[in-house]
Amino acid sequence: MSATISSVQMEAPVVDFLKAPKKLLIDGTWVEAASGKTFGTYNPATGEALATVAEGDAEDIDRAVKAARRAFDSGPWSRMTPSNRGQLIWRLADLLEQHLDEFAQIETLDNGKPFSVARVADVPLAVDLFRYMAGWATKVTGETIPLSTGGHFGYTLREPVGVVGQIIPWNFPLLMAAWKLGPALATGCTVVLKPAEQTPLSALRLGELIMEAGFPGGVVNIVPGFGETAGAALAAHPNVDKIAFTGSTEVGKLIVQAASGNLKKVSLELGGKSPNIVFRDADIDAAIAGSARAIFFNHGQCCTAGSRLLIEQSIFDQVVEGVAAEAKKIKVGPGLSPDTDMGPLVSEEQLSRVCGYLESGFAEGARAAAGGKKVNGPGYFVQPTVLTDTNPNMKVCREEIFGPVLVAIPFRDPEEVLSTANNSIYGLAAGIWTRDVGKAHLLASRLRAGTVWINCYNVFDAALPFGGYKQSGWGREMGREVLDLYTQVKSVCVAIN
Ligand code: NAI
Ligand code: MG
């Protein structure tokens with residue numbers, strides 16, 4: 001890190017946006033929190049305050065749910081045609097695209113990720129997701145059902161589930177908002193969205209574009225605040241029909257309990273400890289580069305991070321050396337500096353969590369082939385790290401670290417690697433690197449994971465369903481599958497004799 005690097009020129013609208021008051025979006029209007037309370041959001045590259053944000057809690061959640069309820073039950077949204085809903089979502093995508101650099105800068109300031117990454121990944125993927133979902137608005141259909149009870153005609157209606165509470169994390173703040181809002185709006189639901197307290201800014205700016213696009217008031221309400229207050233109130237609210245959550249497995253379990261009061265529907269996208277498997281018959285150079293990206297993308301703050309690198313014994317040293325060399329090449333620095341590859345972790349809390357895992361790994365006998373330390377100075381930086389000499393019982397091998405920390409583990413044959421790979425409470429994703437097509441597909445079918453990447457990693461597409469096996473979650477995001485989670489089926493039976 002150097003203090004002299006030049007910085008990306010800040011967009012004028014970003015400067016204005018940071019200065020303006022940050023309120024809650026309720027019923028189409030920007031309002032203060034009922035309590036009058038605010039909280040600060042910080043730049044993780046410096047630790048400095050970026051903006052002050054109205055802090056929503058239970059009372060604001062209740063106001064927002066009432067607005068969403070009205071918009072769903074009796075507002076213009078409930079009478080809007082699917083085509084018009086689709087057009088609004090498409091318009092939102094266009095607006096977001098027009099403000100691409102602005103959103104990428106907001107994301108970099110609030111989350112820490114490199115501007116160069118946010119503008120080619122986070123923002124375009126969000127635009128794409130909205131466009132994909134805009135198309136679905138006119139294609140959510142029921143079925144006609146042949147009945148065996150004579151003289152009756154049966155059909156199904158696929159209807160929106162109603163008012164949806166959505167709680168999202170800080171690792172991809174804008175993209176997670178898009179993944180959640182897109183299907184809800186396409187199916188005709190209304191929403192109360194609670195962004196993460198670490199990164200509320202891009203969701204608030206998106207709220208401005210949602211109003212500019214012309215969505216009726218109350219369709220999307222945005223209430224920043226803390227998990228234990230605003231989040232918990234949303235998960236427990238009796239007039240919310242569904243809660244969609246992305247975050248830790250620990251909080252996912254709390255959401256399930258809170259939802260049980262009114263048995264609201266629940267979908268969860270939770271943690272992972274994803275195995276990434278390299279066979280000796282792989283394209284080794286591609287596997288090394290891909291495995292480094294699998295763990296270090298977004299500083300390891302990905303639920304899908306390929307955090308357990310399982311390497312066939314005979315190429316173990318070669319692959320570890322290769323990935324360690326990639327790790328050492330990564331330029332760690334502020335996200336606004338144009339030559340930065342990896343920015344800071346999102347918060348001081350995450351930095352100490354990740355450093356705690358490093359200490360525990362070393363105390364249990366692990367060795368660092370690269371990295372292993374936090375970076376001194378302001379900001380929450382940690383070195384890209386590759387650990388060897390681990391065993392499956394170590395915390396660093398079992399628990400989600402959510403930082404740029406890889407454990408490398410050797411294996412002898414496909415049966416052994418399958419059992420190691422599946423030996424986790426999680427089942428979100430997995431990677432396979434091999435030139436043997438048969439082996440790749442066989443393994444893909446036997447890995448207990450919601451996504452399997454073959455000779456690639458962390459490839460996301462709005463059309464491809466995404467979600468977890470085991471304790472990585474319930475339900476799927478994106479693709480056609482997500483529409484099922486935002487709709488319910490009504491059977492209609494008509495006497496026709
Ligand atoms: P978290 O699960 O506490 O936070 C995620 C969201 O849930 C935030 O919006 C937060 O305000 C909200 N929340 C927290 N407690 C809540 C409650 N009781 N009721 C309702 N909402 C609540 O995650 P946190 O503390 O930021 O990170 C801790 C660990 O969680 C990370 O180290 C990582 O392992 C994991 N994580 C996983 C993510 C994923 O994408 N699967 C994303 C973020 C964190
Ligand atoms: Mg938490």
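This structure is a prediction, so every number in the text was calculated from the model and none was measured. Counting convention: from 1, in listed order, for ligands and their atoms alike. Atom set for the values below is all heavy atoms of this structure, side chains included, hydrogens, waters and symmetry mates excluded. In this chain, residues are counted from 1 in sequence order.
- Here is the list of ligand 1 atoms found below 4.0 Å of a heavy atom in I168: 6 (C), 8 (C), 9 (O).
- In summary, the atoms of ligand 1 found under 4.0 Å from a heavy atom of A232, numbered by their order in the structure, are 19 (N), 20 (C).
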Validation: residues 31-39 side-chain donor-acceptor distances under 3.5 Å, sequence neighbours left out:
unit_1 : atom_1 : unit_2 : atom_2 : d
S35    : OG     : K37    : N      : 3.1

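- Of the charged side-chain nitrogens involved, none lies within less than 4.0 Å of a carboxylate oxygen, so that R131 and D128 do not count as a salt-bridged pair.
- Residue Q198 has at least one heavy-atom neighbour below 4.0 Å for each of these atoms of ligand 1: 26 (O).
- Any N or O atom pair closer than 3.5 Å counts here, and G247 shares at least one such pair with ligand 1.
- Scanning the protein for heavy atoms near atom 25 (O) of ligand 1, the closest one is R353 NH2, 4.1 Å.
- With 3.5 Å as the limit, one finds no donor-acceptor pair spanning the side chains of Y380 and Q350.
- In this structure, the protein non-hydrogen atom closest to atom 1 (P) of ligand 1 is S248 OG, 3.7 Å.
- Counting the atoms of ligand 1 from 1 in the order shown, those under 4.0 Å from a heavy atom of A196 are 9 (O).
- Of the candidates F402, Y426, W170, the one placing a heavy atom closest to atom 36 (N) of ligand 1 is F402.
- Between the side chain of N422 and the main chain of L447, no donor-acceptor pair closer than 3.5 Å is present.
- Under 4.0 angstrom from ligand 1, there are no non-hydrogen atoms of T249.
- Which of S472, A258, G468, P169 comes nearest to atom 43 (C) of ligand 1 through a heavy atom is settled by distance: it is P169.
- Looking only at protein heavy atoms, the nearest one to atom 20 (C) of ligand 1 is G231 C, 3.2 Å.
- Here the shortest heavy-atom distance to atom 5 (C) of ligand 1, taken over T246, V251, I167, belongs to T246.
- With no hydrogens or angles considered, no side-chain donor-acceptor pair links S424 and K470 at under 3.5 Å.
- With ligand atoms numbered from 1 in the order given, ligand 1 contributes 8 (C), 10 (C), 11 (O) to contacts under 4.0 Å with heavy atoms of E197.
- The protein heavy atom nearest to atom 13 (N) of ligand 1 is G227 CA, 3.3 Å.
- Ranking the protein heavy atoms by distance from atom 39 (C) of ligand 1 puts C303 CB, 3.6 Å first.
- Atom 27 (O) of ligand 1 has its closest protein heavy atom at Q350 OE1, 3.7 Å.
- Within 4.0 Å of atom 15 (N) of ligand 1, at least one protein heavy atom is present.
- Of the options K253, E400, E228, the smallest heavy-atom separation from atom 34 (O) of ligand 1 is shown by E400.
- Which parts of ligand 1 touch L270 is read off a 4.0 Å heavy-atom cut-off, strictly below it: atoms 41 (N).
- The cationic atom of K194 (NZ for Lys, CZ for Arg) does not lie both less than 6.0 Å from the six-membered ring centre of F226 and within 45° of the ring axis.
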### Message
Checking F460 against W453 for the ring-ring contact (aromatic ring centres under 6.0 Å, His included) test, could you report, in this order, the C-alpha distance in whole Å, the side-chain angles of both residues, the deciding distance, and whether it holds?
### Response
CA-CA 10 Å; F460 294 94; W453 283 295; 5.5 Å; yes
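- For Q301, the heavy-atom gap to ligand 1 stays at 4.0 angstrom or more.
- By the 4.0 Å N-to-carboxylate-O rule, R293 lies too far from D341 to be salt-bridged with it.
- Residue pairs meeting the salt bridge (Lys or Arg N to Asp or Glu O under 4.0 Å) criterion with at least one partner in residues 217-239, sequence neighbours excluded, are absent.
- Between the side chain of R119 and the backbone N or O of L100 there is no donor-acceptor pair closer than 3.5 Å.
- Atoms of ligand 1 lying under 4.0 Å from any heavy atom of F245, numbered from 1 in the order shown and given with element: 2 (O), 6 (C), 7 (O).
- For ligand 1, the atoms closer than 4.0 angstrom to any heavy atom of L254 are 18 (N).
- Side-chain N/O atoms of N111 and T199 include no donor and acceptor closer than 3.5 Å.
- Side-chain polar atoms of N276 and W433 form a donor-acceptor pair below 3.5 angstrom.
- A donor-acceptor contact under 3.5 angstrom links the side chains of K253 and Q471, judged on distance only.
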